[in-house]
Amino acid sequence: MFYYIQHPTDLKIIGNQPQIDQLVYSTESFKFQEKLKNHYEIDVSSEFILPKILLFKKTKLTDHIFGYMGEFMYKLIVSDKFIEILKDFRCQHFDVLPISVETHSKLQYKYNLLTIRQSKLELIDFKNSKIKQRFINTEGLSDYKEVSYSDLDTFLKDLKEKNLEGKISIINLAISNSENLDFFFIRYTYGSIKYIVSDRLKTALVNAGITGIEFQPTHYSINEWYASEEREKIYGT
């Protein structure tokens, strides 16, 4: 089984939703924006300074910190403890950049901005995944229809020829893990991208007491997950 890394909704764990208030830029850290190739990739070929993360007053420090900040929206902000655990597992290549996290009381902590360069679309089991396409109906409103693909080639062909970028979402994701990876990320999931962990890695993270993560099985849609008895039993919210 595989799991999305999701952010918790329990304020007893995270303190505030979202946890990040703002990014604080210096003269040097403005260069960071020049290194963004797109929402997903950062050019790490040369050194640069990242903006500082300022947390909300009520935010609690967790090993995974979540916020709706544009430049960091599709990346993970995680503790050294999280990174050390990944080193013992089979992971898709990732880059780690040091970043400073500051609390409302001006205490500063070292965290890591984790970024992965390429989506592992080849690990999607298309025949057993549920995919929806957004379209404009006769009333001029956004609507969705279910579409199916036999393999990655037909998916990419449709994506390009029908200009479906931003209109396709994998609602229920099935994984065919031919590379035996424990950690990777996939685009075109509901919400744009998801970082994914194996059952083996999830167990290690839970046993190590890693905080700030809710593990959603990828075969659940987001609506199914929030309504499920399984989630209520594990997370209680």
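With contacts defined as side-chain heavy-atom distances shorter than 4.5 Å, the pair Val206/Phe215 qualifies. Annotation: side chain of Ile196 is not in contact with side chain of Leu181 (no heavy-atom distance under 4.5 Å). In this structure, the side chains of Thr59 and Thr103 stay at 4.5 Å or more apart for every pair of heavy atoms. Two residues are said to be in side-chain contact when any heavy atoms from C-beta on lie closer than 4.5 Å; Ile116 and Phe184 fail this criterion.
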Pair Glu165-Tyr188, side-chain hydrogen bond (donor to acceptor under 3.5 Å, both in side chains): steps then yes or no: CA-CA 9 Å; Glu165 191 74 39; Tyr188 305 111; 3.1 Å; yes

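Judged by distance alone, the side chain of Asp63 and the main-chain N or O of Thr211 form a donor-acceptor pair under 3.5 Å.
No side-chain donor from either of Trp225 and Gln6 sits under 3.5 Å from a side-chain acceptor of the other. For the 3.5 Å distance criterion, the side chains of Ser176 and Asp125 fail to qualify, holding no donor opposite an acceptor. Between the side chains of Ser221 and Asn172, no donor N or O sits under 3.5 Å from an acceptor N or O. Judged by distance alone, the side chains of Glu214 and Tyr3 never bring a donor and an acceptor atom under 3.5 Å apart.
Taking the charged nitrogens against the carboxylate oxygens, Glu84 and Lys87 do have a contact shorter than 4.0 Å, which makes a salt bridge.
Aromatic pair Phe155/Phe126: centroids less than 6.0 angstrom apart.
In terms of hydrophobic clustering, with Ile, Leu, Val, Met, Phe, Trp and Tyr side chains grouped at heavy-atom distances under 4.5 Å, Tyr195 and Ile210 are assigned to a common cluster.
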